[in-house]
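What follows is a short report on a single structure.
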Amino acid sequence: MELRKFGQRSGFEVPRGNIGAMRLPEDIDEAVALIRHAIDSGMRYIDTSRGYGDSEIKLGQALKDGYREKVILSTKWAPWIVKIEESDDASESCARKRIEESMTRLEVDYLDYYQIWNIQQRDQYEAAIAKGGMLDAIVKAKDEGLVGHIGFTSHDTPENLLSYLPEVDWCEIVLLSFNLLNTRYGDVLKAYHKAGIGTIVMNPVGGGKLKEASEVLLELGREVGACSVPDLALRYIMSHPYIDTVICGMTRPSDVDDTIASVNAGSFDKKQMKKIEKFLAKVAKQQEKYCTGCGYCLPCPQGIDIPAVMAAMFEERFWGFREAALEKYQKIESPKADECMLCGGCESNCTQSISIMEEMQYCQRVFGEV
């Protein structure tokens with residue numbers, strides 16, 4: 001795989017596809033072999049966390065025998081996500097303890113990156129950067145040569161993330177979600193990239209949802225020259241110049257091989273991207289006209305959770321995710337669509353003027369009684 005600059009602040013270069021170490025095989029020998037296969041195949045950046053079970057321990061074994069020198073190693077932690085001890089907080093002393101603990105588990109004497117993990121709201125951001133907080137611990141570790149570079153990951157609002165940008169002169173990489181199903185961080189990634197911060201995308205296949213062989217997306221893939229839905233998803237992400245790299249969760253060698261194949265297949269051209277964007281805009285428009293989950297259709301005299309049924313049906317109708325839709329539908333507590341009496345009371349209150357009775361009948365035809 002070709003290398004590209006990992007932002008302007010770190011001096012690193014990375015391939016477009018890299019190692020997400022959250023879902024490694026349970027067997028340690030199998031995990032070690034998989035990690036080394038990924039590295040031997042050209043992957044370089046590794047994303048792990050103190051909160052990913054025994055991921056760090058498995059990586060510690062895999063990075064022996066000269067493999068540590070071949071990679072850019074990053075781990076992360078935050079008390080609002082995982083408490084290792086009940087007293088854990090965002091203080092400098094606690095963060096220092098977690099940094100040293102990760103290094104011990106990874107069996108390394110330095111970390112290329114340490115990240116503040118999953119900032120979800122402003123008060124977490126402020127706690128992390130406060131005097132005597134997490135950031136101070138990471139900066140001190142950096143001064144001592146234990147950590148090379150600093151970053152953060154987030155599921156915060158795009159508005160908040162953009163407001164942090166003028167303040168995060170300490171940040172060298174950022175990790176955010178971005179995929180065919182969720183492009184809400186596009187402007188954030190673009191702005192951070194412009195500021196010289198390395199941009200990483202997680203969940204490139206929508207947490208596994210885009211691995212499903214959706215006929216809708218397979219047809220789109222055929223139109224733009226993708227060989228599968230995951231190939232379509234990965235190449236779509238890599239076609240955005242402001243995204244430096246993608247981390248892919250790995251459980252089997254084919255996850256590595258397929259990712260690298262998509263990277264080497266290259267980005268989509270302008271014409272192909274226009275076709276994909278047109279499709280995404282169409283789905284977004286359909287969603288606007290479909291159920292918003294407002295609940296004005298309730299209560300149903302039969303006790304059916306109509307918004308929940310409609311949410312499941314949207315995935316089947318417009319994305320073609322039959323398996324995911326069925327799984328979501330099965331989780332709905334009874335009664336379900338098969339108990340609809342076609343009374344029509346829900347339709348008279350629907351703010352979107354949806355033919356709910358027809359949707360209930362469609363749901364019955366697709367899923368039957370489950």
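These numbers come from a predicted model, not from an experiment.
Taking CE of Met1 as the reference point, atom OG1 of Thr245 lies at 7.5 Å (rounded to 0.5 Å). The SG atom of Cys248 lies 8.0 Å from the CD1 atom of Ile237; values are rounded to the nearest 0.5 Å. Here the CG atom belonging to Leu161 is positioned 9.0 Å from the CG atom belonging to Leu189, to the nearest 0.5 angstrom. Note: Glu159 CD to Asp187 CG = 10.0 Å, rounded to the nearest 0.5 Å.
Between Lys331 and Glu327 there is a salt bridge, since a side-chain N of the basic residue sits under 4.0 Å from a carboxylate O of the acidic one. The pair Glu30-Lys58 does not meet the salt-bridge criterion, since no charged nitrogen lies less than 4.0 angstrom from a carboxylate oxygen. Between Arg68 and Asp112 there is a salt bridge, since a side-chain N of the basic residue sits under 4.0 Å from a carboxylate O of the acidic one. Between Arg4 and Asp244 a salt bridge is recorded (basic side-chain N to carboxylate O distance below 4.0 Å). Ion pair Asp255/Arg23 not flagged as a salt bridge, since none of the NZ, NE, NH1 or NH2 atoms sits closer than 4.0 Å to an Asp/Glu carboxylate oxygen. Between Lys140 and Asp143 no salt bridge is recorded (no basic side-chain N to carboxylate O distance below 4.0 Å). Remark: Arg96 engages Glu144 in a salt bridge, criterion side-chain N to carboxylate O under 4.0 Å. Under the 4.0 Å criterion applied to side-chain N and carboxylate O atoms, Glu101 and Arg98 are assigned as salt-bridge partners. Ion pairing of Arg105 with Asp54 is absent here, as no side-chain N (NZ or NE/NH1/NH2) approaches a carboxylate O to less than 4.0 Å.
Close placement of the Phe6 and Tyr45 rings is indicated, their centers lying within 6.0 Å of each other.
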I'd like a table of donor-acceptor pairs (distance under 3.5 Å, sequence neighbours excluded) in which one partner is a side-chain atom from residues 168-176, with atom names and distances.
unit_1: Glu172; atom_1: OE1; unit_2: His149; atom_2: ND1; d: 2.7
unit_1: Glu172; atom_1: OE2; unit_2: His149; atom_2: ND1; d: 3.3
unit_1: Glu172; atom_1: OE2; unit_2: Ile150; atom_2: N; d: 3.2

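Considering all non-hydrogen atoms of both residues, Ile356 and Glu347 come closest at N-OE2, 3.0 Å. Heavy-atom minimum distance, Ser49 versus Lys76: OG-O, 3.1 Å. Glu316 approaches Arg322 most closely through the heavy-atom pair OE2-NH1, 3.8 Å. Closest heavy-atom contact between Pro301 and Cys343: CG-SG, 4.0 Å. In terms of heavy atoms, Asp231 sits closest to Ser262 at OD1-OG, 2.6 Å.
Sorted by first and then second residue, the pairs that involve residues 249-299 and meet ring pair (Phe, Tyr, Trp, His ring centres under 6.0 Å), not counting sequence neighbours, are Phe279-Trp319, Tyr290-Phe314, Tyr290-Phe318.
For the side-chain hydrogen bond (donor to acceptor under 3.5 Å, both in side chains) criterion with Asp89, the lone passing option out of Ser93, Ser87, Ser91 is Ser91.
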Tyr329 and Cys363: side-chain contact (heavy atoms from CB on, under 4.5 Å), yes or no, with the steps? CA-CA 9 Å; Tyr329 183 67; Cys363 185; 3.4 Å; yes
